[in-house]
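In what follows, a single structure is set out as structure tokens and then discussed.
Lettering of chains follows the sequences in order, A, B, ..., and the numbering in each one begins at 1.
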Amino acid sequence: MPELPEVETIRVSLDPVLVGRTIADVELRAPMLRRPLDQTLRTALLGRRIVGSSRRGKYLLLALSDGRTWFFHMGMSGRLRFVDGEHLPALHEHLLARFVEGGTLVFHDPRRFGLSVVEDAAVSKLLADMGPEPLDEQRFTAQYLCSRRATTRRSIKDVLMDQRVVAGLGNIYVNEILFRAGLRPRRSIKRLTAADLERVVEATRTVIADAIEHRGSTISDFLDGIGRRGGYQWRHCVYDREGQPCPSCRTPIKAVIVGQRSSFYCPKCQR
DNA sequence: GTAAACCTGGCA
DNA sequence: TGCCAGGTTTAC
């Protein structure tokens, strides 16, 4: 669910309802996700006002009135939602922040691979080491990808999934990007031409911008910050479509494993 | 590099 | 019953 377009969709939907609200109460219902949900977190949040929102890669960042930052990562199954009025906690709702002005921010995460933490050194380091945003036309370029390929013999899919190379891409979108670029996921980045890399960059921008515009992909359970489904799943060309016809040439889509993850491609359109 | 780990739910 | 899942980290 939560790759860059889904996290951005959550952010855009939450920003207008969260900014300006002050945290009155924090209810923690699990001892930890990827980081402890403890008294330190509660203390950091109580009495703070949310003054802004931003995103870096797959991380959602809420700016607090004391200058610190509240980080969220959705992992595989995390959902962040604002609920108006009274809210009684349900199964897998691990963190609830209630506001002075009313309403509750609810972090729901069945698989508990997510993260919610204030001003964490390890997270700051991850963000500092993160590659450019895919929509940053100055930094994410074919020349940049070319400069990264000298050091590695990895597949183009592995490289695009690496958050240190480019921020926010995951399994769904890398599959879709490589379809648009006409490249098989197992191709070694070393053997790609400058023209190939140009197509990868172009495809990345197109797919990510389009996915944000359609408010992300709802495969099974993604919802935005106010409970709406995304629409980009209807535009997937290859992801999870093994055996179905390629939208371009009707050849059946193939599935292979690359870097431990399911990968899908059209054997005719992608070389 | 690759495998296994974290955890739950859904589906064949 | 067993396998798979949008992610990341840790250990061979």
Side-chain angles (χ1 to χ4, degrees), chain A residues 1-11 29-37 55-60 71-81 90-95 107-117 120-131 134 151-178 185-186 188-190 207-208 211-212 214-224 229-243 255-264:
Chain A
M1 154 203 352
E3 302 180 32
L4 187 159
E6 289 75 32
V7 178
E8 180 64 11
T9 299
I10 293 171
R11 189 194 72 73
R29 308 181 68 246
M32 71 181 298
L33 302 176
R34 302 262 314 277
R35 291 291 154 73
L37 296 181
R55 180 193 53 72
R56 185 74 174 95
K58 300 174 190 173
Y59 284 83
L60 176 68
F71 299 99
F72 286 91
H73 192 287
M74 305 301 154
M76 292 275 266
S77 60
R79 231 189 244 180
L80 195 58
R81 192 160 65 101
L91 188 63
H92 303 314
E93 293 181 351
H94 308 306
L95 181 154
F107 192 51
H108 171 271
D109 184 10
R111 292 176 70 178
R112 286 187 262 155
F113 293 171
L115 165 157
S116 173
V117 71
D120 178 274
V123 171
S124 301
K125 172 92 165 69
L126 280 175
L127 294 192
D129 291 344
M130 203 171 271
T151 56
T152 181
R153 48 199 300 125
R154 300 152 80 200
S155 69
I156 181 64
K157 184 177 186 221
D158 275 348
V159 171
L160 292 176
M161 298 265 294
D162 186 340
Q163 304 298 300
R164 294 167 304 182
V165 174
V166 55
L169 306 184
N171 202 32
I172 292 179
Y173 292 108
V174 169
N175 272 283
E176 295 300 317
I177 287 163
L178 292 176
R186 286 212 245 246
S188 162
I189 189 171
K190 263 213 167 107
V207 167
I208 295 303
I212 291 172
H214 288 85
R215 301 177 31 261
S217 301
T218 298
I219 300 295
S220 64
D221 56 11
F222 166 69
L223 299 176
D224 76 2
R229 295 166 59 83
Y232 193 72
Q233 66 279 9
W234 306 113
R235 305 182 85 82
H236 291 175
C237 293
V238 289
Y239 179 76
D240 205 20
R241 293 175 55 86
E242 183 180 12
V256 292
I257 302 292
V258 184
Q260 322 295 111
R261 311 297 296 279
S262 295
S263 305
F264 305 89

Tell me the interatomic distance from A:Glu6, atom CD, to C:dG7, atom P, rounded to whole angstroms. 9 Å
Any donor-acceptor pair under 3.5 Å linking the side chain of A:Ser188 with the backbone of A:Lys190? yes
Quick one: does any side-chain atom of A:Arg79 pair with a main-chain N or O of A:Met74 as donor and acceptor, under 3.5 Å? no
From CZ of A:Arg261 across to P of B:dA4 the rounded distance in Å is 16 Å
Any donor and acceptor pair, going by atom type alone, linking the side chain of A:Arg29 with main-chain N or O of A:Ala90 inside 3.5 Å? yes
When you check the phosphate oxygens OP1 and OP2 of B:dC6, does a side-chain N or O of A:Arg111 lie under 4.0 Å from one of them? no
Whole-Å distance, A:Lys58 NZ to C:dG7 P, equals 4 Å
Does A:Gln163 reach a base, just sugar-phosphate, or nothing at all? Heavy atoms under 4.0 Å. sugar-phosphate
Give the rounded distance in Å between these two atoms: CG of A:Asp240 and P of C:dC3. 19 Å
Would you be so kind as to tabulate the donor-acceptor pairs closer than 3.5 Å made by side chains of residues 124-131 of chain A, with sequence neighbours excluded?
| unit_1 | atom_1 | unit_2 | atom_2 | d |
| --- | --- | --- | --- | --- |
| A:Ser124 | OG | A:Asp120 | O | 3.0 |
| A:Lys125 | NZ | A:Asp129 | OD2 | 2.6 |

Can you measure from CD (A:Glu6) to CD1 (A:Ile212) and round to the nearest 0.5 angstrom? 9.5 Å
In whole angstroms, how far is the P atom of B:dG1 from the CE atom of A:Met161? 15 Å
I'd like to know if the side chain of A:His94 and the backbone of A:Asp109 have a donor-acceptor N/O pair within less than 3.5 Å. yes
Rounded to whole angstrom, note down the P distance from C:dA11 over to B:dC7. 15 Å
Report yes or no: is the ring centroid of A:Phe113 under 5.5 Å from the six-membered base ring centroid of B:dC6, with the two planes under 30 degrees? yes
Keeping the roles fixed (side chain from A:Thr218, backbone from A:Gly216), state whether a donor-acceptor pair exists under 3.5 Å. no
Phosphate oxygens OP1/OP2 of B:dA3: is one of them under 4.0 Å from a side-chain N or O of A:Gln260? yes
Tabulate atom names and distances for all N/O pairs under 3.5 angstrom spanning the protein and nucleotides 9-12 of chain C.
none

Round to a whole Å and report the spacing from CE of A:Met76 to P of C:dC3. 17 Å
What is the distance, to the nearest angstrom, from the CD1 atom on A:Ile257 to the P atom on B:dT2? 13 Å
Tell me, which stems hold DNA chain B, with a stem being 3 or more Watson-Crick or G-U pairs in a row and both distances under 3.5 Å? B:1-6 with C:7-12, B:8-12 with C:1-5
Short side-chain to backbone donor-acceptor contact, A:Asn171 and A:Ser262, under 3.5 Å: yes
I need the CG-P distance between A:Asp120 and C:dT8, as an integer number of Å. 15 Å
State which residues pass side chain to side chain donor-acceptor pair (under 3.5 Å) with A:Lys58; sequence neighbours excluded, sorted by chain then number. none
Scan for salt bridge (Lys or Arg N to Asp or Glu O under 4.0 Å) pairs involving residues 162-178 of chain A, sequence neighbours excluded, and state none if there are none. A:Arg154-A:Asp162, A:Asp162-A:Arg164
Does one side chain, of A:Gln163 or A:Tyr59, offer a donor that lies under 3.5 Å from an acceptor on the other? no
Look for any protein N or O under 3.5 Å of an N or O in nucleotides 9-12 of chain B and output each such pair with its distance, or none.
| unit_1 | atom_1 | unit_2 | atom_2 | d |
| --- | --- | --- | --- | --- |
| B:dG9 | OP1 | A:His92 | NE2 | 2.7 |

Using 30° and 60° as the class limits, which term best fits the ring planes of A:His236 and A:Tyr173: parallel, tilted or perpendicular? perpendicular
Euclidean distance for P, B:dG1 against C:dA5 (whole angstrom): 23 Å
